[in-house]
Every structure is written in C-alpha cells, then in structure tokens.
Amino acid sequence: MSHFISFLSRQYISLPSPFGEGSGVRLLLPFQSFLSRQYIPLPSPFGEGLGVRLLLFLLSFLPSLYLSAQSFRKEIDAQPELSASNYLAYPAPSGRLTPPPAGYVPVYISHYGRHGSRYLIRKEQYIRPLRVLERADSAGVLTDAGRDAAAKIRRMLAESYDRWGELTPLGAEQHRRIARRMYERFPSVFSGPVWVDARSTVVIRCILSMENELQELLRCNPRLQIRHDASEHDMYYMNLSDEKLARQKENDEVKTTMKEWDGQHLDCRPLLSRLFTDTAYAGRNIDAPQLAHDLFSLAGIVQNSEIRHSLSLYSLFTPDERYRLWQRANIWWYLHYGGAPQNGGTQPFSQRNLLRNIITTADSCLALSRPGATLRFGHETMVMPLTCLLDLNSSGIQVFCVDSLEAKGWIGSRIFPMAANIQLVFYRNPRRPHADVLVKALLNEEEATMPLPATATPFYYRWSDFKRLYLAKLDSYREP
C-alpha cells in the first residue's frame, strides 16, 4: 500500500508505505505547503530523519507525474470527442509497425474485436433527457441553450428511431477498413485459398461487423475459404456470463469509491444554470447527475452517426466538465472491468474462457502449413477485460487511488473505442522450421507490450513464453 500526496488538482502520486500492507494513508497537502516548505514528518522505516528526506526526494519527480496526469486532459481539450470513452469512434492507427526479425513472416492472426459504431442501446437514453427539457420548456423555464439542445436531441432520436443499439453506416465502414489494413499489412496470412474462421456473438451489430470484415477480405482475395457463425453454442467463451464476478463489480468498496469520487469532483449545478432559468424549479424537478450523464452520453454518441458533421452537444459543457465526466467514466470502467483491487482484482478473469480458446485454437491452427486467421466479434465488455488479462501495455495494473489512473497510463478510451480490436499476429521462419514461433500483439492496430521475456526485436515474443505465462495465470484462478 501507499501514502498518497495530493495537490489542489487532486492528482496523486504513490509513496512506499512504512506501515505495511493495507495501512496506506491518503495525505491531502495544499499546494501552498510545498511552496512554503512546510512538510509533514512521516515515520521512516529507514532510520531517524530519513522519512522527510525520502519524501522530498520522491516529490522531486512530481512535476513530471503531474504533466503525465494532465496529458489526456490536453487531448480532450483539443478534441472533445475523445471524452466519449467507450462511445469514441474508432481512431485511425498510425500505420507504424516494427519489422519482424530476419527470415520471419506472418502466418496466422487470432483476433477479437468489438462491433463498430452504433446508436445508443435503449430509446430511454434519448427520450429521458428530451422529456426533462420539454417539460421545462412547457413550464417556461428553459434557456435558449436548453431549447437548442432539445432540438438536437429530436434530430438524434429521429435518426436512431427503432435502431437502438444497431450498427451505423460508419460502424460498417470501420470494419471494412480494418479488414483491408489487416490484409495489406499481413498479405502472407491471406494469400491463396486459406481458411478464415469467423465467430460472432448473437447480437446483430456484432454479426454485421463480422460480415463487413469478411466481405472486404473477399474483395481483397476472392479465393479465401470463409466459415462464419453466430451461435449460443460459442457464448461460453465469446461472451461468458459469470454471475459471481458480476456481483463483485458492485461490491460495497466499488460503490463507496464511486460515491466518494462523485462527491469530491462533480458539480452539476453550473450545467443546470445554463439550461434552466429557474434554479428552484431545477432543484425540485431535475435529477442533475442523471441529466448530466444522459446529455454527455448523447454528446459522445453523435460522432458515430451520419449527422455527426452537422450536430454537436459538447458546447453544453465547459472543458472542466467534459474532462471530469470523462474521468468519471474512466474510473467506472476500471472499477468494473479492470484489475481494480476494489473489486478483488479478478474482473479480467471474466475472459478466461476466451483466452484459453485463443491459445488452444492457435496451437491447432499453427499445426497446419497454412493456418489462415481466426476472427471473433463481440463487445467492449470483452475487449476491455481481455486487454487487462493479457496486461497489454501494463493495463492489468492494480491502482488503489483512482485519481492516479491517468498518471499510470490507464486510459480506457485508448483500449475500447467503437470497433476496438486485439490482433495476435504469429510469425514463423520458413527456412528454420524448428525456430521459435513468435507472436506480436496489436491493440487497435498499434503494437502493444506484453509481460513476457524480451526477444532481440521489440514487440515480438516467443509463443512458448506466451503459453507458459498465460496458461499458468489461468490455472491459478480460483472462483470467488
């Protein structure tokens, strides 16, 4: 455990605790106390007087940590759509890939991807905030900004009506582009009449995402042999329903953490004052946090629709509000699907069957001379915990102070946008048939690190090391 030092910005760094596991203390020190050098002495396990000196030494790193914590805030300020968390439309990858070691060529791809851009899943997500605004308008207490927001929501409702949760045209295009890039990046995997086996969850947006990728691959190579399916038969690994783990997502510690964070960081009153002319009416009739959440969800989802170029709701929110609402979503996803100690640190194991399927299927395919590809299509609630289970880019970290997530690099928007995907690309050396099979992980088509022994080439790992580590991790899991 750790002590936590906080500035007024509420960004934290963690310090080693002299009190032992479970006894960490959060110290809230005003920024001015550092400027005036009024420090709080800490007990030191290193001897008399060393506690303060250790604190001062560690604080020397604080400016860089603070800047790291603020970096994504700057990105959101420059591009408000990034605050949409899991509603973020798929960003184009950089295109940069590290060349494989000499003699190695890609032979097989194992993939799990989220469906592409969609509408909001339930009509209430559109109708509930619209009803609040229309009732206020009828009462004569809606501002011009409120009436403008209501008009925009009506347009969104008309576009999405009876298409709740369905794939948008942009979502279909995202998957076609992903498929074409996959083909162009790894042509040796898809050359000739090789097999491509594709599976989807039974949800229509996932099925259509799969079909769009397969159609594009066939345009690239009409000789491909395609098998595709969407069946309850495969849901035990494609979308495991684990009731015990699901209950842990909302345990008392998770609820308390979110409630305390909300109380310290969220203030919806300024938003209400911009929407309603009568604060007394708003106080009596409006569930302010719910309305703020609903409007922010609508602001985020617009970028996935066909009216995205002519409509935005982000002007309803100040830069601080956009950042805080994104930050809250980031923390919520970490507490519910990441390796958060508050949930027992086991939520990523919701994808244990999927990871085991990935390993066994890859071994089976690699026994062939032309392995082809295995494609799977599901949801962000699979991609997120699978990313953490694999610990891609250190995403499996356990963070006690949720305000430090950004400083530690845990940013959900970079893990699970619409059409998020994990590609494991396998390489063989045809001139050395007994050489190690290598594997590289791509997260949203960008190279990702794994906690495996390094090879001479960055991002390339031995398949034998992959299996050894992750099978042991899976075997160590005990159900709660």
Side-chain angles (χ1 to χ4, degrees), residues 90 93 105-118 166-239 353-379 382-383 386 418-428 430 437 439-445:
Y90 190 71
V105 295
V107 296
Y108 172 65
I109 294 177
S110 183
H111 155 284
Y112 193 98
R114 182 192 182 190
H115 58 76
S117 288
R118 61 165 170 81
E166 291 184 7
L167 197 71
T168 66
L170 177 61
E173 179 63 22
Q174 289 162 350
H175 282 280
R176 291 193 293 270
R177 292 178 180 177
I178 290 169
R180 179 162 289 275
R181 285 191 294 266
M182 190 185 299
Y183 181 87
E184 292 174 348
R185 282 174 153 186
F186 311 110
S188 57
V189 173
F190 299 101
S191 63
V194 297
W195 283 97
V196 175
D197 186 86
R199 307 292 173 96
S200 169
T201 65
V202 294
V203 178
I204 188 61
R205 60 182 175 271
C206 301
I207 296 171
L208 291 175
S209 295
M210 173 178 68
E211 296 303 328
N212 274 277
E213 282 210 19
L214 294 177
Q215 287 178 17
E216 189 64 27
L217 287 175
L218 282 170
R219 289 189 189 96
C220 297
N221 178 10
R223 298 179 65 196
L224 289 175
Q225 305 296 304
I226 302 291
R227 290 180 293 217
H228 48 132
D229 197 10
S231 171
E232 288 290 345
H233 176 271
D234 296 320
M235 292 308 101
Y236 76 95
Y237 72 89
M238 288 290 293
N239 188 359
N353 290 351
L354 174 57
L355 179 53
R356 200 175 291 276
N357 176 269
I358 288 171
I359 293 172
T360 57
T361 303
D363 262 347
S364 175
C365 290
L366 289 169
L368 304 173
S369 59
R370 299 294 309 281
T374 303
L375 310 179
R376 307 169 185 86
F377 297 85
H379 309 266
M382 282 92 249
V383 174
L386 177 61
M418 299 290 186
N421 59 93
I422 297 170
Q423 299 177 29
L424 297 176
V425 187
F426 293 77
Y427 293 76
R428 286 199 294 224
V437 173
V439 61
K440 173 168 65 177
L442 303 180
L443 176 60
N444 300 324
E445 302 179 79

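Just so you know, residue 1 is the first one in the sequence shown, and it goes up from there.
Partners of Arg199 according to the salt bridge (Lys or Arg N to Asp or Glu O under 4.0 Å) rule, which considers only residues two or more places apart in sequence or in another chain, are Asp197, Asp234. For Arg118, there are no side chain to side chain donor-acceptor pair (under 3.5 Å) partners at least two apart in sequence or on another chain. Partners of Glu232 according to the salt bridge (Lys or Arg N to Asp or Glu O under 4.0 Å) rule, which considers only residues two or more places apart in sequence or in another chain, do not exist here. Remark: Ser117 pairs with Ala89, Thr168, Leu170, Gln174, Asn304, Met418 by the side chain to side chain contact (heavy atoms under 4.5 Å, CB included) rule, at least two apart or across chains. Residues forming a side chain to side chain donor-acceptor pair (under 3.5 Å) with His111 (at least two apart in sequence, or on another chain): none. Under the ring pair (Phe, Tyr, Trp, His ring centres under 6.0 Å) criterion, Tyr427 pairs with Tyr460, not counting sequence neighbours. Under the rule for a side chain to side chain donor-acceptor pair (under 3.5 Å), the partners of Asn421 that lie at least two apart in sequence or sit in another chain are Tyr90, Gln423. Evaluation of the salt bridge (Lys or Arg N to Asp or Glu O under 4.0 Å) rule for Glu216 yields Arg180, Arg219 as partners, not counting sequence neighbours. A search for ring pair (Phe, Tyr, Trp, His ring centres under 6.0 Å) contacts involving Tyr108 returns Phe426, not counting sequence neighbours. Residues passing the salt bridge (Lys or Arg N to Asp or Glu O under 4.0 Å) test with Arg185, sequence neighbours excluded: none.
Distance check, rounded to the nearest 0.5 Å: CG of Leu443 to CG of Leu424 gives 10.5 Å. Summarising the geometry, atom CE belonging to Met235 is positioned 7.0 Å from atom CG belonging to Asn239; distances are rounded to the nearest 0.5 Å. For the atom pair CZ of Arg114 and OG1 of Thr201, the computed distance is 11.5 Å after rounding to the nearest 0.5 Å. Annotation: the span from Ile109 atom CD1 to Ile422 atom CD1 amounts to 14.0 Å, rounded to 0.5 Å. Interatomic distance, CE of Met210 versus CD of Gln215, reported as 10.5 Å (0.5 Å rounding).
Distance alone, capped at 3.5 Å, places no donor-acceptor pair between the Thr361 side chain and the Ile358 backbone. Panel note: side chain Tyr112, backbone Met238; a donor-acceptor pair is recorded below 3.5 Å. The backbone N or O of Leu208 sits less than 3.5 Å from a side-chain atom of Asn212, completing a donor-acceptor pair.
In this structure, the side chains of His115 and Val203 stay at 4.5 Å or more apart for every pair of heavy atoms. Considering only heavy atoms from C-beta on, Ser200 stays 4.5 Å or farther from Asp229 through its side chain.
The salt bridge (charged side-chain N to carboxylate O under 4.0 Å, His left out) pairs that include a residue from residues 354-365 are Arg356-Asp475, Asp363-Lys467, where partners are two or more places apart or lie in different chains.
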- request: Might you work through the side chain to side chain contact (heavy atoms under 4.5 Å, CB included) test for Leu214 and Leu375, ending with a clear yes or no?
  value: CA-CA 9 Å; Leu214 294 177; Leu375 310 179; 4.1 Å; yes
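Taking each heavy atom of Leu167 and Ser209 in turn, the nearest pair found is CD1-OG, 3.4 Å.
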Residues 188-196, side-chain donor-acceptor partners within the protein, below 3.5 Å, at least two apart:
{"from": "Ser188", "atom 1": "OG", "to": "Pro106", "atom 2": "O", "distance (Å)": "2.5"}
{"from": "Ser191", "atom 1": "OG", "to": "Arg370", "atom 2": "NH2", "distance (Å)": "2.9"}

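Salt bridge Arg181/Glu184: absent, no basic N to carboxylate O contact under 4.0 Å.
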